[in-house]
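Each chain gets a letter, A, B and so on, in the order its sequence line appears, and its residues count up from 1.
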Amino acid sequence: MEKEMQQVVGRARAAFNSGRCRSLEFRMQQLKALERMVREKEKEILAAIKADLHKSGPNAYSHEILGLLGELALVMDQLPSWAAPQPVKRNLLTMRDEAYICPEPLGVVLIIGAWNYPFVLVMQPLIGAIAAGNAVVVKPSEISENTARLVADLLPQYLDRELYPVVTGGVPETTALLTQRFDHILYTGNSTVGKIVMAAAAKHLTPVTLELGGKSPCYIDKDCDLAIACRRITWGKYMNCGQTCIAPDYILCDASIQSKVVENIRATLQVSVEFLVLRDLCPRYSPALSFCALWQEFYGQDVKSSPDYERVVNKRHFKRILGLLEGQKIAHGGEADEASCYIAPTILTDVSPESKVMEEEIFGPILPIVTVKSVEEAIEFINRREKPLALYVFSNNKKLIKRVISETSSGGVTGNDVIMHFFLSTLPFGGVGNSGMGAYHGKHSFETFSHRRACLIKDLKMEGTNKLRYPPGSQKKVDW
Amino acid sequence: NPYAGLVSRLRAAWLSGKTRPVEYRVAQLEALGRFLDEKKQDILEATAMDMGKPPFEAEFSEILLCKNELNETLNNLSRWRKDEHVDKNLVTQLDSVFIRKDPYGVVLIIAPWNYPIHLVLMPLIGAIAAGNCVIVKPSEVTKNSQRLVAEVLPSYLDNDCFAVVTAGMLETTRLLENKFDYIFFTGTPSVGKIVMTAAAKHLTPVTLELGGKNPCYVSDTCDVQNVARRVAWGRFFNAGQTCVAPDYVLCSVEMQEKLLPALREAIADFYGSDPQESPDFGRIVGDKQFQRLQALLRGGHVAIGGQTDEAKRYIAPTVLVDSQPSDPVMQEEIFGPILPIVNVANMDEAVDFINRRERPLVVYAFSSDDKVVNQVLERTSSGGFCGNDTLMHVTLTSMPFGGIGNSGLGTYHGKFTFDTFTHRRSCVRRSMGRETLNALRYPPYSQQKLGIVRAASEVKRKGACTLL
């Protein structure tokens with residue numbers, strides 16, 4: 001198997017060395033082809049995602065395609081300016097010289113995708129890697145097998161086959177692939193495998209971007225609009241059946257508001273919330289009013305039959321997640337059906353920090369609530385644990401939000417909402433500590449996959465000024 | 001784990017938030033400035049004792065360059081650490097969207113022996129500026145400099161947050177078992193791999209400033225005298241023990257004929273007729289390095305220099321000719337005052353030669369023809385590039401300094417040092433209001449809702465805006 005990988009990577013490297021992916025025209029052409037692929041094969045892409053995660057068309061489109069089209073448009077628009085040499089400030093000694101930073105491709109890049117957003121998590125990095133002028137080996141996750149198969153079918157139809165090969169397979173194939181030498185590896189997945197990837201990269205001194213995970217805490221202050229906070233949290237927690245790296249993993253709040261939190265989440269999930277909508281009414285937003293009528297409850301009384309509620313990706317994860325419920329106080333949900341890998345949106349209360357559900361990243365539709373007596377306790381709680389990918393804090397008190405942010409560490413933060421920092425391509429998306437290293441999205445992808453080469457071009461004449469630096473040295477020269 | 005106590009002490013200091021306020025960081029940095037001023041003589045003496053470093057070179061590289069970095073950092077710190085506000089999309093128009101510059105926490109800096117003060121201080125300045133606690137591990141090879149860093153430097157800094165560890169190979173391995181929030185390593189590629197492997201166990205991000213063989217292409221059209229001086233200066237500075245020194249020359253046989261007398265003249269101008277007598281020429285740092293270099297000499301054809309004095313660890317400024325790719329001197333980074341010349345027929349051959357090898361820290365090209373310089377630049381890959389001179393690109397701190405592939409990963413100098421030791425944390429601060437706008441993103445999903453979302457976020461090529 002290593003031999004096969006050697007061939008695939010060797011071909012990509014030879015293709016890179018041929019120089020054809022250096023020109024901007026070539027890169028734009030490939031990006032345009034990617035855009036065509038996403039538009040022309042929309043049906044197939046959505047069908048594959050549905051088969052893998054039981055995700056509805058409109059949902060899959062907005063999670064996995066809409067953002068991609070935006071990213072493609074942004075990159076194609078900005079690439080010429082991103083790829084241009086940047087002149088830098090010169091000092092006295094270099095005043096008459098040319099000094100600039102030249103963005104250059106790294107070479108052959110490896111992208112390892114994850115199964116929870118199986119299409120976008122290979123495509124978005126791929127866009128950046130192509131834009132930066134690299135050859136790219138794409139390895140989609142085998143767990144989302146329909147999407148993996150689709151990516152393997154589609155990319156060769158639209159892109160240069162030698163420069164952007166797709167490798168499918170599981171652990172043995174990935175291990176074999178990781179023995180090869182790459183010029184950058186971007187891995188999305190969990191911390192355990194992240195360590196394996198980085199150790200393999202270390203053998204070749206290959207830089208890595210690791211988009212990992214962790215338990216993203218969500219602190220709800222007593223001084224906050226609970227109805228709105230809980231609606232937003234419900235959205236972020238249960239989307240994709242909780243299988244989102246930046247989902248709010250658990251809630252920290254004062255015991256006195258715990259039951260209200262449960263009520264509000266339950267209301268968002270099931271009961272008609274028209275009265276809440278009416279409360280938010282603002283005449284200026286009349287177009288939006290028509291949607292309030294559409295918007296009653298997220299998943300209806302029978303969540304299982306809602307087309308908008310996904311499934312756990314496979315039996316292994318189903319069993320793992322269900323195991324986390326053991327010994328817990330289930331305030332809502334808890335129903336499960338192994339045959340369809342269905343687990344209902346579930347809320348746990350009075351959860352002990354030492355319990356299993358508080359040890360690992362849940363990555364499922366279970367929301368534990370841990371009570372804390374103060375924001376200090378919440379901050380301490382968060383800081384005693386590994387640095388998470390995202391941190392959420394809900395409060396009307398701006399100062400409190402600022403305090404939580406400045407006294408903790410996390411990949412990113414959204415205050416008074418969840419997930420949102422992911423959607424802005426002007427913000428670098430990535431983790432810190434156990435939740436990862438490096439970042440991407442938008443221009444940050446381009447930078448991740450580029451080498452910034454410092455260039456100084458002097459004149460061969462003008463030797464006079466150089467005399468100062470040559471020996472024989474003297475105090476006079478130094479003092480000058 | 002002998003260092004566990006130290007690391008947890010610093011981590012506790014980190015968690016206390018002591019290093020966060022800008023006033024604290026400025027005070028520590030100013031103390032570093034005082035160290036450079038007050039201990040200047042000690043630094044010159046230590047480096048002279050360690051490796052016969054000429055006072056001019058020591059003052060320039062170990063003191064002046066550090067002071068420049070310090071001043072640049074102090075002048076710009078408040079600007080660098082500010083939250084960076086970024087462009088927003090439609091949905092976040094009324095929100096606060098910015099990138100915070102967070103310190104990483106407890107960082108480790110491992111420095112080598114060739115510029116023993118500079119390679120400690122340059123990263124240390126940025127690490128402190130970025131608000132981290134720092135453990136510094138200076139090289140055990142340069143004993144006097146190590147003592148200066150271990151015994152004198154701590155008296156200038158807050159010992160709660162900054163520590164110096166003296167350690168050899170074995171102890172450093174133990175040190176690396178601990179969890180750090182960032183590791184900055186300067187040294188050889190083989191040790192770089194060991195450091196990165198250790199870092200992987202804790203998912204610690206790293207910057208590795210490594211090395212390689214920096215090629216120096218000299219075209220047939222050039223001012224030979226100037227080329228010879230610039231190349232000789234870069235090669236023989238610090239007796240060749242510089243990571244960005246021109247490692248070998250690539251030129252035609254005709255150019256070689258012109259270059260040799262010019263190099264001979266430059267060496268004589270710089271160091272006199274007997275460089276061993278010159279106060280401006282350094283020595284090899286240790287016996288092990290000396291033996292290694294002597295072996296490289298033996299495998300080559302000496303055209304200039306070649307004299308050695310083992311007792312003084314002196315190797316004369318030496319030029320080798322007719323060097324073959326298979327010669328010992330072409331197998332490893334030389335890191336000594338030996339300059340092999342390899343003959344190539346033309347620029348194409350030179351570029352091929354360069355591209356067949358590991359990517360170096362820097363590629364040098366000399367020509368009076370701009371096109372030639374640009375061709376070499378475009379057709380090769382390296383950490384940095386300098387046309388028509390050597391070493392100078394490193395002194396311009398508005399440019400990032402670092403390698404690629406085997407020569408390293410990550411960069412630093414100036415703002416790039418601050419950025420290296422900073423975690424850029426994306427933040428969105430929303431309000432609880434305007435909830436109706438969020439309606440579009442909530443289930444139940446429908447074609448209708450999607451239609452609105454698509455229409456509202458129509459992806460245009462110019463000025464694209466995404467709703468979500």
Side-chain angles (χ1 to χ4, degrees), chain A residues 56 58-59 61-62 66 69-70 73-74 77 88-89 91 94 99 101 191 194-195 198-199 202 205 207 225 228 235 280 285 288 291-292 295 298-299 308 401 409 412-417 420-421 423-424 426-428 432 434 437 451-458 460 463 470-473 478, chain B residues 54 56 59 86-87 89 92 97 102 189 192-193 196-197 200-201 203 205 222-223 226 233 270-271 280 368 373 377 384-389 392-393 396 398-400 404 406 409 423-432 435-437 439 442-447 450 453 459 461 464 466 468:
Chain A
S56 73
N59 191 6
Y61 186 92
S62 61
L66 190 62
L69 291 173
L74 172 72
D77 188 48
V88 298
K89 203 156 160 241
N91 57 20
T94 48
I101 300 171
S191 306
K195 291 178 182 177
M198 189 171 172
L205 291 168
D225 188 327
I228 294 180
W235 168 70
D280 298 346
Y285 297 103
F291 299 113
C292 297
W295 168 42
F298 280 16
Y299 305 115
D308 298 323
I401 295 183
S409 180
V413 180
T414 294
N416 288 333
D417 206 340
M420 294 308 282
H421 62 286
F423 288 117
L424 265 155
T426 44
L427 288 175
V432 67
N434 237 48
M437 59 179 78
H451 170 60
R452 283 180 309 181
R453 191 175 187 198
C455 301
L456 177 67
I457 318 257
K458 296 191 73 107
L460 252 187
E463 185 65 354
Y470 297 147
V478 168
Chain B
F56 182 92
E59 182 142 4
V86 299
D87 285 347
N89 59 18
T92 48
V97 177
D102 280 353
K193 289 178 184 175
M196 189 170 172
T197 304
K201 294 199 170 73
L203 289 170
C222 66
D223 183 328
N226 288 350
W233 177 69
F270 292 171
Y271 310 115
D280 297 322
S368 346
V373 172
L377 166 58
F385 179 89
C386 189
N388 293 331
D389 208 341
M392 291 308 285
H393 65 296
L396 194 55
S398 51
M399 299 209 291
I404 187 176
N406 237 48
L409 55 98
H423 169 236
R424 297 174 78 219
R425 188 179 183 197
S426 295
C427 300
V428 173
R429 264 200 335 253
R430 316 202 72 199
S431 85
M432 297 278 204
E435 182 62 358
T436 41
L437 283 180
Y442 296 142
Y445 307 118
S446 65
Q447 275 312 121
L450 185 62
V453 170
V459 168
R461 283 293 292 276
T466 27
L468 275 173

Original post:
In terms of heavy-atom pairs under 4.5 Å with chain A, which of B/Thr197, B/Asp102, B/Asp87 leads?
Top reply: B/Asp87

Subject >> Separation between CD1 of A/Ile228 and CE of B/Met432, rounded to the nearest 0.5 Å >> reply: 7.0 Å

Subject >> Min side-chain heavy-atom separation B/Leu377-A/Arg453 under 4.5 Å >> reply: yes

Original post:
When rounded to the nearest 0.5 angstrom, what is the spacing between CG in B/Asp280 and OH in A/Tyr470?
Top reply: 14.5 Å

**OP:** Answer whether the closest heavy-atom distance between the side chains of B/Phe385 and B/Val373 falls below 4.5 Å.
**Re:** yes

Original post:
Non-hydrogen atoms of chain A under 4.5 Å away: do they reach the side chain of B/Pro54, the backbone, both or neither?
Top reply: neither

Original post:
What part of B/Leu203 gets closer than 4.5 Å to chain A, counting heavy atoms only: side chain, backbone, both or neither?
Top reply: both

**OP:** Answer whether the closest heavy-atom distance between the side chains of B/Tyr442 and A/Asp308 falls below 4.5 Å.
**Re:** no

**OP:** Heavy atoms only, distances under 4.5 angstrom: which of A/Ile401, A/Asn434, A/Asn59 has the most pairs with chain B? Name it, please.
**Re:** A/Asn59

Subject >> Structural part of A/His451 lying under 4.5 Å from a heavy atom of chain B >> reply: side chain

Original post:
Of all of B/Val86, B/Asp223, B/Leu396, which one pairs up most often with chain A through heavy atoms under 4.5 Å apart?
Top reply: B/Leu396

Original post:
With respect to chain B, which residue among A/Thr94, A/Ile101, A/Asn91, A/Val413 yields the maximal number of heavy-atom pairs within a distance under 4.5 Å?
Top reply: A/Val413

Original post:
chain B heavy atoms under 4.5 Å from A/Met198: which part of the residue, side chain, backbone, both or neither?
Top reply: both

Original post:
Out of B/Arg425, B/His393, B/His423, B/Lys193, which one racks up the most heavy-atom pairs below 4.5 Å with chain A?
Top reply: B/Arg425

Original post:
Do any N or O atoms from the side chain of B/Ser426 and from the backbone of A/Gly412 form a donor-acceptor pair under 3.5 angstrom?
Top reply: no

Original post:
Is the shortest heavy-atom distance from the side chain of A/Pro471 to the side chain of B/Trp233 under 4.5 Å?
Top reply: yes

